[in-house]
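Here the structure comes first, spelled out in structure tokens, and everything after it is commentary.
Remember, it's a predicted structure, so these values are computed and weren't measured experimentally. Count residues from 1 along the sequence.
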Amino acid sequence: MRNIILSVIAMALALAGSQAIAESALDRIRESGVIRVAIDLSVPPWSYKGSDLRPTGSEVETAELLAETLGVEMRIMPTNGANRIPFLLSGQADVIISALSITDERKNVVDFTRPYSGAATFVAGPKSVQINDAVELSGKRIAVTRGTANDTDLTAIAPADAEIVRFEDEATTITAVASGQVELVAQAQSLIDVINQRNPALQLEPKLTLRDFRVGMAVRKGDSDFLGYLDRWIIDNLRNGKLSEIYTRHQHAELPIDILEGIQSQ
């Protein structure tokens, strides 16, 4: 399935590439007065719907801040983990701001900004379950959201007899684990915390580290004007503390220190 998705992305890129380079998304945004942002609204505290059903989270506020700087309306294009990049390449979105980890595989089809956020991902399970290495995942069922970096990382380490149970979005993955359908999960710490809040009896805790990842915004390949604008915007808003404040307020953690290194000299 993952190879099929990547093939579709590659074809979309080939068809849309020349048009993407001919007109920067930045020009379209300024002309239309709207920035279309691909965001998965099932990933608290990054991006989700609050109790009032309004979109919120650190990614949503980051996108709102970007739109405010540009002086345009921010329009959310709802996605899930698997279709964030296809949404961008098909022209349905101008930029992805959706906890999209920067990977070499994704760099083949989109251009990433410098990192502006990040976290770590783990295989997590109940405190009563002992797992010290990937071998001990043998025979276990592990939940993960399809098409995410967690899916890739888990697939790479899981023994052949482990059952990887893939769900279509983070909200469904969280519900499946919180309700006891699947005992183990591959998730970021922030989402492990969400599961524990929903079902404290589970006492989920990290067992194996999958990745210490960094998050970037993604634009269509070759759109150097928009990419350059976003990189400068990120540096400016790291310097003034706005991105750090958004991250800390929603993630209840400090922004990874390496993201802030060197920004004063740039």
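Looking at Asn196 and Asp193, their side chains never bring a donor and an acceptor atom within 3.5 Å of each other. Ser58 and Gln251 form a side-chain donor-acceptor contact under 3.5 Å, judged by distance and modelled atom types alone. Side chains of Gln92 and Ser90: a donor-acceptor N/O pair is present below 3.5 angstrom, by distance only.
By the 4.0 Å N-to-carboxylate-O rule, Asp151 lies too far from Arg146 to be salt-bridged with it. For the pair Glu136 and Lys207, the salt-bridge criterion is not met [side-chain N within less than 4.0 Å of a carboxylate O]. Checked for salt-bridge contact, Lys140 and Asp161 miss the test: no charged N lies under 4.0 Å from a carboxylate O. Salt-bridge annotation for Arg141 and Glu163: present, with a side-chain N of the basic residue lying under 4.0 Å from a carboxylate O of the acidic one. Arg220 and Asp111 are not joined by a salt bridge, as no carboxylate oxygen comes within less than 4.0 angstrom of a charged side-chain nitrogen.
In this structure, the side chain of Thr209 does not engage the main chain of Arg211 through any donor-acceptor pair within 3.5 Å. Remark: side-chain polar atoms of Asp27 are not paired, donor with acceptor, to backbone N or O of Glu23 under 3.5 angstrom. Checking side-chain atoms of Arg249 against main-chain N and O of Ile246 turns up no donor-acceptor pair under 3.5 Å. Between the side chain of Arg36 and the main chain of Gly91, a donor-acceptor pair closer than 3.5 Å is present. The main-chain N or O of Val177 is never found under 3.5 Å from a side-chain atom of Arg198 such that the two would form a donor-acceptor pair. Under the 3.5 Å distance criterion, the side-chain polar atoms of Ser138 are left unmatched by any main-chain donor or acceptor of Val135. Thr248 contributes no side-chain N or O that, together with a main-chain N or O of Glu245, makes up a donor-acceptor pair within less than 3.5 Å. The closest donor-acceptor contact from the side chain of Asp40 to the backbone of Ser98 lies at 3.5 Å or more, if one exists at all. Between the Thr113 side chain and the Met217 main chain, a donor and an acceptor come within less than 3.5 Å of each other. Side chain of Lys221 to main chain of Lys107: a donor-acceptor pair is present (N/O by atom type, distance under 3.5 Å, no hydrogens or angles).
Taken from CG in Leu154 to CG in Leu137, the straight-line distance is 7.0 Å, to the nearest 0.5 Å. The CG atom of Leu65 sits 6.5 Å away from atom CG of Leu243, with the distance rounded to the nearest 0.5 Å. Atoms CG and CG, on Asp236 and Asp231 in that order, are 11.0 Å from each other to the nearest 0.5 Å. Taking CG from Leu230 and CZ from Arg114, the interatomic distance works out to 12.5 Å, rounded to the nearest 0.5 Å. To the nearest 0.5 Å, the span separating CD1 on Ile192 from CG on Leu204 amounts to 7.0 Å. Put simply, CZ on Phe87 and CD1 on Ile39 are 12.0 Å apart, with the number rounded to the nearest 0.5 Å.
The cluster map of Ile, Leu, Val, Met, Phe, Trp and Tyr, joined by side-chain heavy atoms under 4.5 Å apart, puts Val43 and Ile76 in the same cluster. Val37 and Val60 end up in the same hydrophobic cluster when Ile, Leu, Val, Met, Phe, Trp and Tyr side chains are linked at under 4.5 Å. Under a hydrophobic-cluster definition in which Ile, Leu, Val, Met, Phe, Trp and Tyr are linked whenever side-chain heavy atoms come within less than 4.5 Å, directly or via other members, Ile142 and Ile174 are assigned to different clusters. In the hydrophobic clustering of this structure, Val182 does not group with Ile164; members are Ile, Leu, Val, Met, Phe, Trp, Tyr whose side-chain heavy atoms approach within less than 4.5 Å, directly or through other members. Transitive grouping of hydrophobic side chains (ILVMFWY, heavy atoms separated by less than 4.5 Å) brings Tyr116 and Leu255 into a common cluster.
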Begin with the C-alpha distance, continue with both residues' side-chain angles, and end with the deciding distance and a verdict on side-chain contact (heavy atoms from CB on, under 4.5 Å) for Leu41 and Tyr48. CA-CA 4 Å; Leu41 290 173; Tyr48 62 103; 5.6 Å; no
Between Val109 and Ile85, is a side-chain contact (heavy atoms from CB on, under 4.5 Å) present by the stated rule, with each step listed? CA-CA 8 Å; Val109 290; Ile85 290 176; 4.2 Å; yes
Working note: Gln187 + Glu170, criterion side-chain contact (heavy atoms from CB on, under 4.5 Å); need CA distance, chi angles, decisive distance, verdict. CA-CA 9 Å; Gln187 284 282 19; Glu170 299 287 6; 3.1 Å; yes
Please determine whether side-chain contact (heavy atoms from CB on, under 4.5 Å) holds for the pair Ile102 and Val215, giving the CA-CA distance in whole Å, both sets of side-chain angles, and the decisive distance to 0.1 Å. CA-CA 6 Å; Ile102 301 170; Val215 168; over 6 Å; no
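Closest heavy-atom contact between Ala120 and Asp212: CB-OD1, 4.0 Å. Of all heavy-atom pairs spanning Glu59 and Ala99, the tightest one is OE2-N, 2.5 Å. The two residues Ser24 and Asp225 come nearest to each other via the heavy atoms OG-CB, 3.6 Å. Between Ala67 and Met74, the shortest heavy-atom contact is CB-CB, 3.5 Å.
The shortest distance between side-chain heavy atoms of Asp94 and Leu26 does not fall below 4.5 Å. By the 4.5 Å heavy-atom criterion applied to side chains, Phe112 and Leu227 are not counted as neighbours. The shortest side-chain heavy-atom distance between Leu184 and Pro126 falls under the 4.5 Å cut-off. Using a 4.5 Å cut-off on side-chain heavy atoms (C-beta onward), Leu191 and Pro44 make contact. With contacts defined as side-chain heavy-atom distances shorter than 4.5 Å, the pair Leu208/Ile131 qualifies. Counting only heavy atoms from C-beta outward, the side chains of Val185 and Val144 never approach each other to under 4.5 Å. The shortest distance between side-chain heavy atoms of Val219 and Val110 does not fall below 4.5 Å. Side-chain atoms of Asn199 and Leu202, non-hydrogen and from C-beta on, do get closer than 4.5 Å to each other.
A tilted orientation is assigned to the rings of Trp46 and Phe213, their planes being inclined by 30° to 60°.
With Tyr229 as the aromatic partner, Arg30 meets the cation-pi criteria of under 6.0 angstrom to the ring centre and within 45 degrees of the ring axis.
Of the residues Thr148, Thr145, Thr155, Thr172, the one that meets the side-chain hydrogen bond (donor to acceptor under 3.5 Å, both in side chains) test with Arg166 is Thr155.
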